[in-house]
Amino acid sequence: MTEHPAGAFVAGAPHGGPPQPGDLALVVAGRKLLTGPDDRFPRVGELPADTGWVPLGTLDGVPAWGADATDGQPPEGRWRSWRSLAAALPAPLADLAGRALAVLTFRRTHRWCGACRAELADVPGEQSRRCPGCDLYVPIRLSAAVLVAITRPGPAGGPDELLLVRHASGPTALWALVAGFVEAGESLEDAARREVGEEVGLALGRLTYFGSQPWALSGPGVLLTGFTAAAADTGAEPVVDGRELTEARWFPLDRLPAELPPAYSISRWLVDHVAARPAG
């Protein structure tokens with residue numbers, strides 16, 4: 001049996017029965033989630049009895065259920081984006097919120113078979129659907145993306161340098177990491193090397209896996225995977241693609257810009273991790 005730390009969110013964990021009044025309730029309307037006056041997620045008992053609940057998993061052993069507000073009259077409360085929640089809540093709660101967005105969006109957008117147009121049916125015990133007409137299996141979709149913290153040695157006697165970029169869309173004022181989605185048929189490592197080559201024209205040395213984070217800001221069902229790597233040519237300068245990026249620059253690790261990704265993001269965790277490494 002896998003042990004999980006206190007407060008951990010376990011996606012898809014069995015609930016063992018129907019929703020109970022004290023279970024967690026995550027209500028989704030488009031790209032936002034409902035919170036109460038005290039900014040907490042409500043409990044099942046606080047919502048209408050006829051709410052159509054979908055199991056999400058457990059948080060610290062407490063079952064969590066999701067529901068789509070479009071199934072009926074949207075309940076009263078404060079509707080918040082995932083960005084707002086992730087900036088204010090511990091990671092397990094932010095992960096739970098992202099799971100709710102992914103599951104409810106999947107159920108809303110995958111009602112019909114793309115092959116024969118029949119109405120899809122739920123697969124018991126899974127967040128997936130199957131066509132009763134042609135047997136097409138439709139699992140919940142997960143899009144993987146990679147981020148790379150690229151370093152090189154600084155001038156003699158100086159600190160190492162980190163490559164940071166500015167994107168052409170999204171938070172364009174932030175200095176962030178090279179990132180991109182994994183293509184079909186690619187490994188994570190292949191995707192990281194391809195994205196870096198395409199966006200800044202650099203080759204990488206050995207990639208080291210850092211960690212991953214569920215991410216609902218780029219769309220429900222995104223998984224970010226982070227790597228660190230050294231530039232293969234320590235004298236090479238980045239050349240931005242001019243399409244996805246507008247600027248790329250090497251920064252000494254002791255003089256990083258203030259406009260960095262938010263503290264709740266794996267992009268920032270990677271930057272802080274590299275900046276905290278011993279010199280050399």
Side-chain angles (χ1 to χ4, degrees), residues 11-12 30-31 56-57 82 95 97-123 125-150 163 165 167-171 176-229 231-232 238-246 248 261 265-267 269-270:
R31 297 291 301 276
L56 299 175
W82 184 83
D95 293 345
R99 166 80 170 171
L101 285 171
V103 169
L104 273 300
T105 300
F106 167 75
R107 295 179 64 83
R108 186 173 65 251
T109 58
H110 291 76
R111 290 186 57 193
W112 310 100
C113 178
C116 73
R117 302 183 184 180
E119 186 169 6
L120 298 172
D122 290 333
V123 176
E126 299 181 16
Q127 286 300 341
S128 58
R129 288 181 161 170
R130 190 180 297 277
C131 178
C134 67
D135 205 39
L136 177 72
Y137 178 68
V138 186
I140 191 169
R141 294 184 175 181
L142 182 66
S143 300
V146 293
L147 304 97
V148 192
I150 308 165
L163 184 72
V165 301
H167 292 273
S169 60
L177 301 176
V178 174
F181 283 99
V182 180
E183 297 285 350
E186 278 187 322
S187 68
L188 297 175
E189 293 81 1
D190 288 342
R193 294 184 185 280
R194 174 184 55 77
E195 285 289 345
V196 171
E198 289 177 354
E199 294 192 1
V200 293
L202 297 179
L204 300 177
R206 184 171 64 89
L207 284 159
T208 300
Y209 176 73
F210 172 80
S212 62
Q213 181 187 24
W215 189 252
L217 193 58
S218 308
V222 175
L223 179 67
L224 301 180
T225 54
F227 293 88
T228 60
V239 179
V240 298
D241 63 356
R243 181 173 56 90
E244 295 189 40
L245 302 181
T246 60
S265 69
I266 189 173
S267 184
W269 304 344
L270 271 163

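The number of heavy-atom neighbours closer than 6.0 Å to CZ of R108, taken from other residues, nucleotides and ligands shown, is above 12.
In terms of modelled atom types and a separation under 3.5 Å, the side chain of R193 and the main chain of G205 share a donor-acceptor contact. When atom types are taken as modelled, the side chain of Q213 and the backbone of I266 share a donor-acceptor pair closer than 3.5 angstrom. Remark: the backbone N or O of L147 is not paired with any side-chain donor or acceptor of T225 at under 3.5 angstrom. Not a single donor-acceptor pair under 3.5 Å links the side chain of R130 to the backbone N or O of V123. Looking at R129, its side chain does come within 3.5 Å of a backbone N or O of R107 through a donor-acceptor pair.
Counting only heavy atoms from C-beta outward, the side chains of E183 and D190 never approach each other to under 4.5 Å. Looking only at side-chain heavy atoms (C-beta outward), V148 and L207 come within less than 4.5 Å of each other. For the pair L202/L163, a side-chain contact is recorded, criterion being any heavy-atom separation below 4.5 Å from C-beta on. A 4.5 Å side-chain heavy-atom check between E186 and E195 finds every atom pair outside the cut-off. Put simply, the side chain of V240 does not reach to within 4.5 Å of the side chain of V165, judged on heavy atoms.
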Would you please test H167 and L245 for side chain to side chain contact (heavy atoms under 4.5 Å, CB included) and show each step? CA-CA 4 Å; H167 292 273; L245 302 181; 3.3 Å; yes

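Legend: residues meeting ring pair (Phe, Tyr, Trp, His ring centres under 6.0 Å) with W82, ordered by chain and number and at least two apart, are W215.
Residue pairs satisfying the ring pair (Phe, Tyr, Trp, His ring centres under 6.0 Å) criterion with at least one member in residues 187-212, sequence neighbours excluded, are listed as follows: Y209-F227, F210-H273.
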